[in-house]
Peer 1: 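Below: one structure in structure tokens.
One is the number of the first residue; the rest follow in order along the sequence.
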Amino acid sequence: MAELQIGDQAPEIKAKNQSGDTIKLSDLKGKKVILYFYPKDNTPGCTTEACNFRDNYQSLLNDGFEVLGVSIDSEQSHQKFISKFELPFNLLADEDRKIVQDYGVWVEKNMYGKKYMGTARTTFVIDEKGKIQHILKKVDNKNATQQIRDLLAK
């Protein structure tokens with residue numbers, strides 16, 4: 001599959017959230033969406049990023065954004081993560097890895113010389129028509145929201 005580019009139609013998503021409800025990206029047409037992919041619930045970098053979105057969530061809503069997090073963790077794992085850190089947005093369970101593959105973020109990683117497959121921390125900003133407006137591949141966990149605001153200001 002070709003790498004997604006700015007201006008491409010965002011691939012459809014249909015996945016269960018932390019409560020077992022089915023979330024579809026197409027149901028969010030008319031809203032801007034921050035779709036962020038992260039490796040694993042309850043890990044330091046992923047927690048920092050999620051809490052940054054949590055702390056800025058109301059201002060993102062005020063600006064017309066919906067925030068969706070995606071990892072390959074289960075609904076139950078997402079429930080615990082949300083409860084522990086009081087996250088106000090949906091986390092989607094991608095246990096079959098369809099979404100990470102559709103978005104091209106399921107990649108070979110290398111840690112201490114060991115190669116393995118995992119999720120590349122990546123954020124997609126999707127406009128009201130479902131088109132990819134920005135792709136952020138070098139996410140600053142502590143400043144994830146500000147990075148997006150800086151991109152939108154350009």
Side-chain angles (χ1 to χ4, degrees), residues 3-95 97-106 118-154:
E3 187 174 339
L4 291 172
Q5 304 290 323
I6 291 171
D8 287 351
Q9 190 68 32
E12 176 61 299
I13 290 174
K14 182 179 178 185
K16 301 275 187 199
N17 70 359
Q18 66 281 353
S19 304
D21 299 324
T22 298
I23 304 291
K24 290 170 39 180
L25 187 61
S26 56
D27 290 342
L28 299 174
K29 281 245 167 95
K31 288 187 176 187
K32 298 177 279 188
V33 177
I34 295 169
L35 179 66
Y36 81 98
F37 291 88
Y38 65 99
K40 188 151 183 56
D41 290 341
N42 285 303
T43 55
C46 298
T47 299
T48 299
E49 183 180 18
C51 290
N52 180 269
F53 284 126
R54 176 201 64 202
D55 295 346
N56 293 283
Y57 186 64
Q58 192 56 55
S59 71
L60 290 167
L61 283 179
N62 293 346
D63 290 342
F65 283 101
E66 189 59 51
V67 176
L68 292 176
V70 180
S71 80
I72 62 169
D73 294 306
S74 68
E75 294 167 37
Q76 294 78 14
S77 176
H78 287 339
Q79 285 172 359
K80 290 176 188 166
F81 190 40
I82 284 172
S83 178
K84 185 174 181 181
F85 295 101
E86 299 178 3
L87 304 177
F89 45 83
N90 284 306
L91 298 179
L92 304 182
D94 187 27
E95 292 180 276
R97 298 175 175 80
K98 180 180 179 349
I99 302 169
V100 292
Q101 289 174 358
D102 287 351
Y103 277 79
V105 299
W106 186 248
T119 303
R121 186 182 311 280
T122 310
T123 300
F124 292 83
V125 179
I126 301 168
D127 72 13
E128 297 89 342
K129 295 182 179 132
K131 295 222 183 273
I132 297 171
Q133 191 177 9
H134 294 287
I135 303 170
L136 190 54
K137 293 184 179 181
K138 295 207 183 300
V139 177
D140 176 354
N141 300 335
K142 291 180 186 149
N143 299 299
T145 303
Q146 190 58 49
Q147 272 187 300
I148 292 167
R149 292 196 185 287
D150 291 347
L151 279 174
L152 295 172
K154 291 180 180 178

Peer 1: So, the side chain of Glu75 versus the backbone of Ala93: is there a donor-acceptor pair under 3.5 Å, distance only?
Peer 2: no

Peer 1: Working to the nearest 0.5 angstrom, can you tell me the gap between Asp55 CG and Phe85 CZ?
Peer 2: 11.5 Å

Peer 1: Could you work out, with side-chain hydrogen bond (donor to acceptor under 3.5 Å, both in side chains) as the rule, every residue matching Arg97, not counting sequence neighbours?
Peer 2: none

Peer 1: Do Lys16 and Ile23 make a side-chain contact, defined as non-hydrogen atoms from C-beta onward lying under 4.5 Å apart?
Peer 2: no

Peer 1: Restricting to non-hydrogen atoms, name the atom on Ala10 and the atom on Leu25 that form the minimum distance, rounded to 0.1 Å.
Peer 2: CB-CD2, 3.8 Å

Peer 1: If you look at every heavy atom in Ser71 and Asp41, which pair is closest and at what distance?
Peer 2: OG-OD1, 4.0 Å

Peer 1: Say whether, by atom type as modelled, one donor and one acceptor occur between the side chain of Gln101 and the main chain of Trp106 under 3.5 angstrom.
Peer 2: no

Peer 1: Just verifying a value: how many Å separate Gln147 CD and Lys138 NZ, rounded to the nearest 0.5 Å?
Peer 2: 11.0 Å

Peer 1: Quick one: do the Arg149 and Asn56 side chains pair a donor with an acceptor below 3.5 Å?
Peer 2: no

Peer 1: Quick check for you: to the nearest 0.5 Å, what is the distance between Phe81 atom CZ and Gln76 atom CD?
Peer 2: 15.5 Å

Peer 1: Would you sort out whether Val125 and Leu136 count as a side-chain contact (heavy atoms from CB on, under 4.5 Å), showing the intermediate values?
Peer 2: CA-CA 8 Å; Val125 179; Leu136 190 54; over 6 Å; no

Peer 1: Can you tell me how far apart CG (Asp140) and CD1 (Ile148) are? Round to the nearest 0.5 Å.
Peer 2: 11.0 Å

Peer 1: So, Asn141 side chain and Thr48 main chain: donor-acceptor pair closer than 3.5 Å or not?
Peer 2: no

Peer 1: Is there a donor-acceptor pair under 3.5 Å between the side chain of His78 and the backbone N or O of Asn17?
Peer 2: no

Peer 1: Show, in sequence, the C-alpha distance, side-chain angles and deciding distance for Phe53 and Tyr57, and conclude whether the ring-ring contact (aromatic ring centres under 6.0 Å, His included) test is met.
Peer 2: CA-CA 6 Å; Phe53 284 126; Tyr57 186 64; 9.3 Å; no

Peer 1: Which atom names give the shortest non-hydrogen contact between Ala144 and Glu49, and what distance separates them?
Peer 2: CB-CG, 4.1 Å

Peer 1: Between Ser77 (side chain only) and Ser74 (backbone N and O only), is there a donor and an acceptor less than 3.5 Å apart?
Peer 2: no

Peer 1: Could you walk me through whether Gln18 and Leu87 pass side-chain contact (heavy atoms from CB on, under 4.5 Å), step by step?
Peer 2: CA-CA 11 Å; Gln18 66 281 353; Leu87 304 177; over 6 Å; no

Peer 1: For Gln79 versus Ser19, what's the shortest heavy-atom pair and its separation?
Peer 2: NE2-CA, 4.5 Å

Peer 1: Sort out for me which residue in Val70, Val105, Asp94, Ile99 forms a side-chain contact (heavy atoms from CB on, under 4.5 Å) with Thr119.
Peer 2: Val105

Peer 1: Do Gln133 side-chain atoms and Leu152 backbone N/O form a donor-acceptor pair below 3.5 Å?
Peer 2: no

Peer 1: Nearest 0.5 Å, what's the CD1-CG distance between Ile135 and Leu4?
Peer 2: 6.0 Å

Peer 1: Table please: side-chain donor-acceptor pairs of residues 26-36 below 3.5 Å, with sequence neighbours left out.
Peer 2:
| from | atom 1 | to | atom 2 | distance (Å) |
| --- | --- | --- | --- | --- |
| Ser26 | OG | Glu12 | OE2 | 2.5 |
| Lys32 | NZ | Asp63 | O | 2.7 |

Peer 1: From Asp73 CG over to Tyr38 OH, what is the distance, rounded to the nearest 0.5 angstrom?
Peer 2: 5.5 Å

Peer 1: Hey, is the main chain of Thr145 close enough, under 3.5 Å, to the side chain of Asn52 for a donor-acceptor pair?
Peer 2: yes

